[in-house]
Amino acid sequence: MSENRDANWFAEKLTDRTIRGIALETRALIRAGALPVGTKLPPIRDLAFALGISPATISEAWSELRSQKIISGRGRNGTWVSGDRFVARPNRLGSSGNYGEGILNLTAAVPDVRLLPPLAEAMAYGASAENLNSYERNRILPELEEEVRKTWPYEPEAFLATNGGYNAVYTLVHALIPPGASVAIEDPTGMRLLDILEDRGVRIVPVQCDSEGPLPSALEAALKSRPAAFIFQPRLHAVTGQSVSRKRLEALAEVLRSTDTLIVEDDGIGDISAAPRHSLGAHFPNRVIHILSFSKTHGPDLRLAVLSSSRAIIDQIQSYRSFSSGWTSRILQAATAWLLRDPATQASIEHARTVYQNRRANLVSALQKRGVQAMHGAGLCAWVPVTSEPFAMVTLAAHGIAVHPGAKFSNLPTFYLRVATATLSDRYEQVADSIALAAGT
């Protein structure tokens, strides 16, 4: 049963009549239980009159709480307290289940730990990193910058080491993109990217893709909403396994040429892909942010990615980072530099790439034999078409197989499953049989 608090009640409780003060004090009342979930808030005009302030001030304060999913509007029925949680929760990632024993878990498109390079020597080297244990806010170790420059797909002004690829995206989104702005992003895309954008409160504008990457016509349509940024994967699509062609990259450059939209390139798969690295940075060096993560290739516990951009953009991102860690561990940076120089590590990555390619190809070939039109490609998972996602999920669960529905990777209606293949070393025929039944073929 919902509770009501009239305007006079609020007037007694709220002492700071600024936008930020009203938002902060209302949050405190909710946190303390004085405004439980389900409480109906008074009309904006009534509350503004009781507080002696403009209705616009209340409206702005409520907008801040609404963006944090603490309150929600119900049309003419008013505004209600809808949440008492103050810690952001990645809804798409957080809804993943704990599948327990006896379930073949094909939800996590993560590297096979048996195929990752050993880290002991690299970490021992990292412990002697330059300027170790200094509180100086180092952006990137010189030796790491020297190594990444050797294969970087364009010549940027500046580099920055971050605590992984998603940390890079999270940080730049908060540093550069205000809540309420529009962001164009390829569809489908990584569910954690959508979590980050949804939590930031931006308007997501999907850009549909085909086997060569984002469609220029779809990007052109998305740019009509004047997005603050366009986010895409310039090399290998982590969800579909398709690679962006050089011709398509040039076509995207033509569409973006007459805009000032920030361009974010997320190379989260790295050298697991055999496709050549390329970037729009050669066209737009002052507004491209190119991110390369080492988690899938060298190890997730390295917690390391490197991004490049103009000095001005790097300055803005680093300024935001100063609120938290301020820099990425020099031990991990030096260890990664050592790994990039190590021939055995490179051979290990090449071997892993071949294994992942074979595992994915084995499943896709088995599916195609059964009439399921999954596409060959690369990476750690397959994007499998189905007639109905709910039916497919229930059917696979009944067969002891867990996968992700395509809906987690898109804001549009989907008819797909994302099936992780990186650790699927056998049972291809059994899995293909179950998926074919689930797909409705």
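When reading the values below, keep in mind they use all heavy atoms of this one structure, side chains included, and skip hydrogens, waters and symmetry mates. Index from 1, following the sequence.
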[X] side chain to [Y] main-chain N or O, any donor-acceptor pair under 3.5 Å?
{"X": "Glu212", "Y": "Arg248", "answer": "no"}
{"X": "Asp342", "Y": "Thr345", "answer": "yes"}
{"X": "Asn362", "Y": "Asn358", "answer": "yes"}
{"X": "Ser348", "Y": "Ala344", "answer": "no"}
{"X": "Gln318", "Y": "Gly326", "answer": "yes"}
{"X": "His298", "Y": "Leu340", "answer": "no"}

Side chains of [X] and [Y] in contact at under 4.5 Å (non-hydrogen atoms):
{"X": "Glu130", "Y": "Glu143", "value": "no"}
{"X": "Pro214", "Y": "Leu219", "value": "no"}
{"X": "Val239", "Y": "Met191", "value": "no"}
{"X": "Val403", "Y": "Val384", "value": "no"}
{"X": "His174", "Y": "Arg200", "value": "yes"}
{"X": "Tyr356", "Y": "Leu115", "value": "yes"}
{"X": "Arg246", "Y": "Leu249", "value": "yes"}

For the pair [X] and [Y], find out whether any cationic side-chain nitrogen is under 4.0 Å from an anionic carboxylate oxygen.
{"X": "Glu250", "Y": "Lys247", "value": "no"}
{"X": "Arg370", "Y": "Glu429", "value": "yes"}
{"X": "Glu147", "Y": "Lys150", "value": "yes"}
{"X": "Asp315", "Y": "Arg139", "value": "yes"}

Return the minimal non-hydrogen interatomic distance between [X] and [Y], and the atom names on each side.
{"X": "Ala275", "Y": "Ser273", "value": "N-OG, 3.0 Å"}
{"X": "Val205", "Y": "Ser182", "value": "CG2-CB, 4.2 Å"}
{"X": "Leu144", "Y": "Ala161", "value": "CD2-CB, 4.5 Å"}
{"X": "Leu367", "Y": "Ala374", "value": "CD1-CB, 4.2 Å"}
{"X": "Thr297", "Y": "Gly270", "value": "CG2-C, 4.2 Å"}
{"X": "Pro111", "Y": "Pro300", "value": "CG-CD, 4.4 Å"}

Q | Sole candidate of Asp271, Val244, Ile272 that passes side chain to side chain contact (heavy atoms under 4.5 Å, CB included) when paired with Arg235 | A | Asp271

Q.
Which residues pass the ring pair (Phe, Tyr, Trp, His ring centres under 6.0 Å) test with Phe323, not counting sequence neighbours?
A. none

Q. Who passes ring pair (Phe, Tyr, Trp, His ring centres under 6.0 Å) against Phe159, sequence neighbours left out?
A.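 Checked Phe159 against ring pair (Phe, Tyr, Trp, His ring centres under 6.0 Å); matches are Trp152.
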
Does the side chain of [X] pick up a donor-acceptor pair with the side chain of [Y] at under 3.5 Å?
{"X": "Tyr166", "Y": "Ser295", "result": "no"}
{"X": "Glu265", "Y": "His290", "result": "yes"}
{"X": "Ser310", "Y": "Asn286", "result": "no"}
{"X": "Arg321", "Y": "Thr328", "result": "yes"}

Q.
Using 0.5 Å steps for rounding, measure from the CD1 atom of Ile289 to the CG atom of Leu176.
A. 5.0 Å

Q | Pairing residues for Glu64 by the side chain to side chain contact (heavy atoms under 4.5 Å, CB included) criterion, not counting sequence neighbours | A |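 Glu64 satisfies side chain to side chain contact (heavy atoms under 4.5 Å, CB included) with Arg20, Ala23, Arg27, Gln68 only.
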
Q: Please name all residues satisfying side chain to side chain contact (heavy atoms under 4.5 Å, CB included) with Trp62, sequence neighbours left out, ordered by chain then number.
A: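 Trp62 satisfies side chain to side chain contact (heavy atoms under 4.5 Å, CB included) with Phe10, Ile22, Thr26, Leu41, Ile44, Leu47, Ile58, Leu65, Arg66, Ile71, Thr79 once adjacent residues are dropped.
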
Q. According to the side-chain hydrogen bond (donor to acceptor under 3.5 Å, both in side chains) rule, which pairs have a member within residues 109-120, sequence neighbours left out?
A. Asp112-Arg114, Asp112-Arg359

(Q) Applying ring-ring contact (aromatic ring centres under 6.0 Å, His included) as the test, list every pair that has at least one member in residues 413-441; sequence neighbours left out. (A)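 Listed once each, the pairs are Trp383-Tyr416.
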
